[in-house]
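Okay, so here's the structure we're looking at.
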Amino acid sequence: AEADELLEQMVQALLRIDEGDEDPETLNEIFRAAHTIKGSAGLFGLDDIVNFTHVVENVLDRVRSNQVSIDKKLTNVFFKCRDHIEALVQSTQEEFNANDELKQNGLALLQQLANWSDSPPPIADVADAELNNLRDQTHKEGCWHISLRLDEDCLRNGMDPVSFISYLNTIGEIKFITTITD
């Protein structure tokens with residue numbers, strides 16, 4: 001219910017921007033809605049929503065800090081992203097398991113956002129069959145060493161390192177964790 005309200009606020013603010021509203025508070029309203037949706041999704045382990053919304057939020061933050069200017073093209077992508085977030089949220093109401101079409105749509109939108117983002121475009125997920133093959137192969141061969149480097153602003157941007165660890169624990173058994181704080 002909270003996400004539905006925030007998505008409605010987001011679309012209303014996007015409509016105002018589309019009509020020429022240049023008030024910075026309108027953009028802040030969109031950012032806060034996305035940030036709150038992402039944070040709430042993170043509490044429930046809804047990683048597809050968290051990961052997608054994080055990229056949207058990153059681009060919104062760049063617009064807010066005048067690193068990127070908002071135009072009709074970007075506004076249209078934001079409308080599509082808002083609709084995609086809504087689809088992801090609706091899928092949670094059906095015991096969340098983002099289907100392939102939804103994932104592909106999200107990936108296409110993230111590729112579009114890459115034009116305005118300061119991070120590289122995402123790559124497609126490994127197909128489930130390939131992932132299962134990797135799991136079997138890894139199980140036979142031993143353990144993997146995975147290094148995860150987080151941006152210094154990851155917590156401020158709503159990314160919880162524990163969610164990464166939780167995800168990794170769903171695809172394998174974590175044997176050892178070392179934190180390097182350099």
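Fair warning: this is a prediction, and the values are worked out from it, not measured in the lab.
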**Report entry** Electrostatic pair Asp61-Arg64, nearest N-O below 4.0 angstrom
**Finding:** yes
Query raised in the report: Do Ser65 side-chain atoms and Arg62 backbone N/O form a donor-acceptor pair below 3.5 Å?
Result: yes
Query raised in the report: Roughly how far apart are Glu57 CD and Cys81 SG, rounded to 0.5 Å?
Result: 12.5 Å
Query raised in the report: Roughly how far apart are Ile70 CD1 and Glu22 CD, rounded to 0.5 Å?
Result: 10.5 Å
Report task. Would you confirm whether Asp18, through its side chain, and Leu14, through its main-chain N or O, come within 3.5 Å as a donor-acceptor pair? Result -> no
Query raised in the report: Cut-off 3.5 Å, side chains only: do Glu8 and Gln12 have a donor facing an acceptor?
Result: yes
Query raised in the report: Going from CG on Leu113 to NZ on Lys80, what distance comes out if it is rounded to the nearest 0.5 angstrom?
Result: 10.5 Å
Query raised in the report: How many angstroms lie between atom CD of Gln9 and atom CG of Asp4, to the nearest 0.5 angstrom?
Result: 11.5 Å
Query raised in the report: Would you say Thr92's side chain and Val89's backbone share a donor-acceptor pair under 3.5 angstrom?
Result: yes
Query raised in the report: Any side-chain donor paired with an acceptor under 3.5 Å for Glu2 and Ser40?
Result: yes
Query - Sole residue of Leu46, Ile49, Val50 in side-chain contact (heavy atoms from CB on, under 4.5 Å) with Ile37 - result: Ile49
Query - Shortest non-hydrogen separation from Arg82 to Leu7 and the atoms involved - result: NE-O, 3.2 Å
Requested in this report: Taking Arg16 for its side chain and Thr26 for its backbone only, find out whether a donor-acceptor pair lies under 3.5 Å.
Outcome: no
Query raised in the report: To the nearest 0.5 Å, how far apart are CD in Gln90 and CD1 in Ile85?
Result: 12.5 Å
Query - Phe78: which of Asp83, Ile30, Leu109, Val59 passes side-chain contact (heavy atoms from CB on, under 4.5 Å) - result: Val59
**Report entry** Check: Asn58 side chain, His54 main-chain N or O, donor-acceptor pair, under 3.5 Å
**Finding:** no
Query raised in the report: Could you state the interatomic distance from CG (Leu88) to CG (Asp48), rounded to the nearest 0.5 Å?
Result: 6.5 Å
Requested in this report: Check the pair Trp116, Val63 against side-chain contact (heavy atoms from CB on, under 4.5 Å), reporting the backbone distance first and the verdict last.
Outcome: CA-CA 9 Å; Trp116 295 277; Val63 173; over 6 Å; no
Query raised in the report: Is Arg32 paired with Glu25 through a side-chain N to carboxylate O contact shorter than 4.0 Å?
Result: yes
Query raised in the report: What heavy-atom pair brings Ala33 and Leu6 nearest, and what distance separates the two atoms?
Result: CB-O, 3.7 Å
